4 protein chains.
Amino acid sequence: MKKNRPKYKQIIDAAVEVIAENGYHASQVSKIAKKAGVADGTIYLYFKNKEDILVSLFQEKMGQFVETIEQEIETHSNASDMLLTLIQVHYHQLAKDHQLAVVTQLELRQSNKELRLKINDVLKGYLMVIDKIVEKGMNDGSFNEHMDRRLVRQMVFGTLDETVTNWVMNDQKYSLEEQATAVHGLITQGLTK
Amino acid sequence: MKKNRPKYKQIIDAAVEVIAENGYHASQVSKIAKKAGVADGTIYLYFKNKEDILVSLFQEKMGQFVETIEQEIETHSNASDMLLTLIQVHYHQLAKDHQLAVVTQLELRQSNKELRLKINDVLKGYLMVIDKIVEKGMNDGSFNEHMDRRLVRQMVFGTLDETVTNWVMNDQKYSLEEQATAVHGLITQGLTK
Amino acid sequence: MKKNRPKYKQIIDAAVEVIAENGYHASQVSKIAKKAGVADGTIYLYFKNKEDILVSLFQEKMGQFVETIEQEIETHSNASDMLLTLIQVHYHQLAKDHQLAVVTQLELRQSNKELRLKINDVLKGYLMVIDKIVEKGMNDGSFNEHMDRRLVRQMVFGTLDETVTNWVMNDQKYSLEEQATAVHGLITQGLTK
Amino acid sequence: MKKNRPKYKQIIDAAVEVIAENGYHASQVSKIAKKAGVADGTIYLYFKNKEDILVSLFQEKMGQFVETIEQEIETHSNASDMLLTLIQVHYHQLAKDHQLAVVTQLELRQSNKELRLKINDVLKGYLMVIDKIVEKGMNDGSFNEHMDRRLVRQMVFGTLDETVTNWVMNDQKYSLEEQATAVHGLITQGLTK
DNA sequence: AATGAATGAGCATTCATTCAT
DNA sequence: GATGAATGAATGCTCATTCAT
């Protein structure tokens, strides 16, 4: 299994670093190879092509991301608490790894439509976690049962994504994690008094 | 004034068409020129460079967008109604011009960081409209007065943007405009019953 | 006769200025037109094409150059004195018009082979003046009668041209005219004691 | 060391051929690559850019040129003989390689000012050889000790350069090498009987 | 005569991918 | 498995010249 050989992770981590430092368009395969300490050609023993590096990068990182969130959520039985936890962990994961935040929020979005579609596929795992929480809240009566689940998921994800992107674009100069409860409040209570 | 000469708009409209049809990266200047019915060199009488076409495109379209929304909002005196109108008009504008929706939601985001920063500048005008509505609602007591205005703006914009992007990515196969009241409900009431 | 209309000289003088300021390759027709205070298209009422401006420029300036030298030479009856006068006037003409010196010594040489052949044609008038002096000196016995006239002409012209070019390349920071007698000495006496 | 790999010289020789055949401005990198039998991109493994090919070309060829002249000169102890040898070898080197003569005398001079400055740097090695000969002659009393060394160098180089350029422009239809002694006579004895 | 908007041919360079060693 | 030299397709922009007014 290629994914377990040391160079696989080595190349993915090099890719994160190179993209964070140079930006998406200035991240040539040769730069990633150099940073990973392998020859250009070696990359192609582990990845089908450049796009495959980026998709794999996203899969690896997002996989850990979702896994961590799922574990944390399990410690709660209440949908609203689970949602707060999801927000906190989401923010925490990105706040603790600035490079990864830049890469996922800004750089990877410059990729072409096909790559973005594949990234969306990877995101589905995350959206399902949101879905489960919403589902639970709607079933146990803590959330409004007349909501369109798809729209709820889009509101939650759109809000989290937009807040993180703004934080990254503002050079991460305020605390992302401290916003968690306020954002949770907005999502659960809405704007109305 | 270059912006009033017919070829200016002709080229911008051609750019929207070409990008919608071919995608951002396959949209060569020569293709845009051909579609606009002018010579390649003519493009450069009206735009500084390729990026300038795209920024101008966004400015033109977003300018009309914001203007239309502002006019519609003025017919209401209530913050919640204004927000509903904003959502409706936002959805309507993009639903009525599928090509423009594809270009702004998907294609233009593949541009490099500089272009995206310029696009963000243009977006500020729109965000200010959201701000004004929120401000009004918080002042007249219809909205919760303890909210962080920045976060509110990000939630509203993030939700609208995510819902439109999903609609575009799903090939616009359901009605965007019919979602408006549901989205308005989610934003104003939140998830909680 | 086009050459007598005011815009003809106006354009040529603008060309000298523009080329001296911007260099040969950055001297677009539109820049020359602007400096001359005429429209781009007007240039083509007076000159066949861009190359024709440059050839005409060289003809005009070199014509005056040769004429001045011929007049000055006539005041002498001795070949060696004539040669000294030629050198002095050659240096003086270029020293008094720095822009013209830059244009003829450096910039115009970047032109393509065809233009340089035409320039050489114009130069023939000047070379004939040198020839006449040498001829006279060889006939009256003051110059060595066994010399190859062509080679003598090339030595004289090559020496003058190289000394002026060096002076221009060194930013004209020493006096060109003060070198005249020394150069005359070298040419007439050679290196040998 | 890139300069020792076979493709380095292969590309430089191709550049000489292509420029001699097509002229400076019609010598595209792709033409040079084709003539050298390599891919366009390969050029850039050996040279920084197009200008670097031309500067390297000049350095390589002029390096051999100067080296050959220095070796030949060493076989003489007399300044005048050394000068004759320099002229003979200068003429011989260019007469035996017509293409190189065309490229250095005509084509490379069409380059822009920066390239010409770099070429002048390379030329300094050659001018120093002239300087050494003149110095020697002035010290041992065979040459006039009151001469301005800079002017002498310019006269010698200007004369050689002009005679070669004329020969090239006249399609090399007479013998350059047979002129050597006559030119040497002109330079050492001057025009005066 | 004069204008200036419009034209469109032309080209250096990068970089993902391959494949002989 | 690993290497890295070699490949070659792909494109934004300039500017001399024209011609309708």
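In this text, all values refer to a predicted model and were calculated from it rather than measured experimentally. Chain letters run A, B, ... following the sequence lines, proteins first and then strands; every chain starts at 1.
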Pairs under 3.5 angstrom, nitrogen or oxygen only, protein versus nucleotides 19-21 of chain E, please.
none

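Atoms CG (C:Asp52) and P (F:dA16) sit 14 Å apart, rounded to a whole Å. Between the CZ atom of A:Phe47 and the C1' atom of E:dT18 there is a distance of 18 Å, given to the nearest Å. A:Arg5 has its CZ atom 8 Å from the C1' atom of F:dG1, to the nearest Å. In this structure, C:Lys48 places its NZ atom 11 Å from P of F:dT18, rounding to the nearest Å. Straight-line distance from the CD1 atom of A:Ile43 to the P atom of F:dG1: 14 Å, rounded to whole Å. Going from atom NE2 of D:His25 over to atom P of F:dA16 covers 12 Å, rounded to whole Å. Distance A:Ile32 CD1 to E:dT17 C1': 14 Å, rounded to the nearest Å. One interatomic measurement links the two molecules: NZ of A:Lys31 to C1' of F:dG4, which rounds to 18 Å at whole-angstrom precision.
Side-chain proximity of D:Leu45 to F:dA6, E:dC15, F:dG8: nearest is F:dA6. Counting only heavy atoms from C-beta on, A:Asp40 has its side chain closest to F:dG4 among F:dG4, E:dG4, E:dC15. For C:Lys50, taking side-chain heavy atoms from C-beta onward, the closest of the listed nucleotides F:dG1, E:dC11, F:dA16 is F:dA16. Relative to the side chain of D:Thr42, the nucleotides F:dT7, E:dA1, E:dT17 differ in distance, and F:dT7 lies closest.
Heavy-atom distances under 4.0 Å link DNA chain F to no residue of residues 10-24 of chain A.
One finds the CG atom of C:Leu108 at 5.5 Å from the CG atom of C:Leu54 (value rounded to the nearest 0.5 Å).
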Under the 3.5 Å Watson-Crick or G-U criterion, the dot-bracket string of DNA chain E, with | for inter-strand pairs
.||||||||||||||||||||

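Residues C:Asn49 and A:Gly37 each lie close to DNA chain F; by heavy-atom proximity, the contact nearer the 5' end of the strand is made by A:Gly37. Both A:Ser27 and D:Ser27 sit near DNA chain E, but only D:Ser27 has its closest nucleotide nearer the 5' end. Heavy-atom nearest nucleotides on DNA chain F were determined for B:Ala26 and for C:Val29, and the one closer to the 5' end corresponds to B:Ala26.
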Determine, step by step, whether A:Val29 and A:Asn49 satisfy the side chain to side chain contact (heavy atoms under 4.5 Å, CB included) criterion, reporting the C-alpha distance in whole Å, the side-chain angles of both residues, the deciding distance to 0.1 Å, and the verdict.
CA-CA 9 Å; A:Val29 171; A:Asn49 50 34; over 6 Å; no

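Applying the side chain to side chain donor-acceptor pair (under 3.5 Å) criterion to B:Lys35, with sequence neighbours excluded, gives B:Glu21. Judged as a salt bridge (Lys or Arg N to Asp or Glu O under 4.0 Å), and not counting sequence neighbours, the contacts of D:Lys118 are D:Glu51. For the salt bridge (Lys or Arg N to Asp or Glu O under 4.0 Å) test, no residue two or more places apart in sequence or in another chain qualifies with D:Arg116. With sequence neighbours excluded, no residue satisfies salt bridge (Lys or Arg N to Asp or Glu O under 4.0 Å) with B:Asp52. Residues forming a salt bridge (Lys or Arg N to Asp or Glu O under 4.0 Å) with C:Lys34 (at least two apart in sequence, or on another chain): none. Applying the side chain to side chain contact (heavy atoms under 4.5 Å, CB included) rule to C:Ala20 yields the partners C:Gln99, C:Val103; only residues at least two apart in sequence or on another chain are considered.
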Side chains of residues 6-17 of chain D: which donor-acceptor partners sit under 3.5 Å, not counting sequence neighbours?
{"from": "D:Lys9", "atom 1": "NZ", "to": "D:Glu60", "atom 2": "OE1", "distance (Å)": "3.1"}
{"from": "D:Gln10", "atom 1": "NE2", "to": "D:Ala36", "atom 2": "O", "distance (Å)": "2.9"}
{"from": "D:Asp13", "atom 1": "OD1", "to": "D:Lys61", "atom 2": "NZ", "distance (Å)": "3.2"}

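Neither OP1 nor OP2 of E:dC15 sits under 4.0 Å from any side-chain N or O of A:Ser30. Contact annotation: B:Lys7 side-chain N/O to E:dA5 OP1/OP2 distance is not under 4.0 Å. OP1 or OP2 of F:dA2 lies within a sub-4.0 Å distance of a side-chain N or O belonging to A:Tyr46.
Residues B:Phe58 and B:Leu115 form no side-chain contact, since every pair of their non-hydrogen atoms from C-beta on lies 4.5 Å or further apart.
Side-chain contact check for A:Asn22 and A:Gln28: no donor-acceptor pair (N or O, by modelled atom type) lies under 3.5 Å.
Residue pairs meeting the ring pair (Phe, Tyr, Trp, His ring centres under 6.0 Å) criterion with at least one member in residues 11-42 of chain C, sequence neighbours excluded: C:His25-D:His25. Applying the salt bridge (Lys or Arg N to Asp or Glu O under 4.0 Å) test to every pair with at least one member in residues 36-48 of chain D, sequence neighbours left out, gives no pairs at all.
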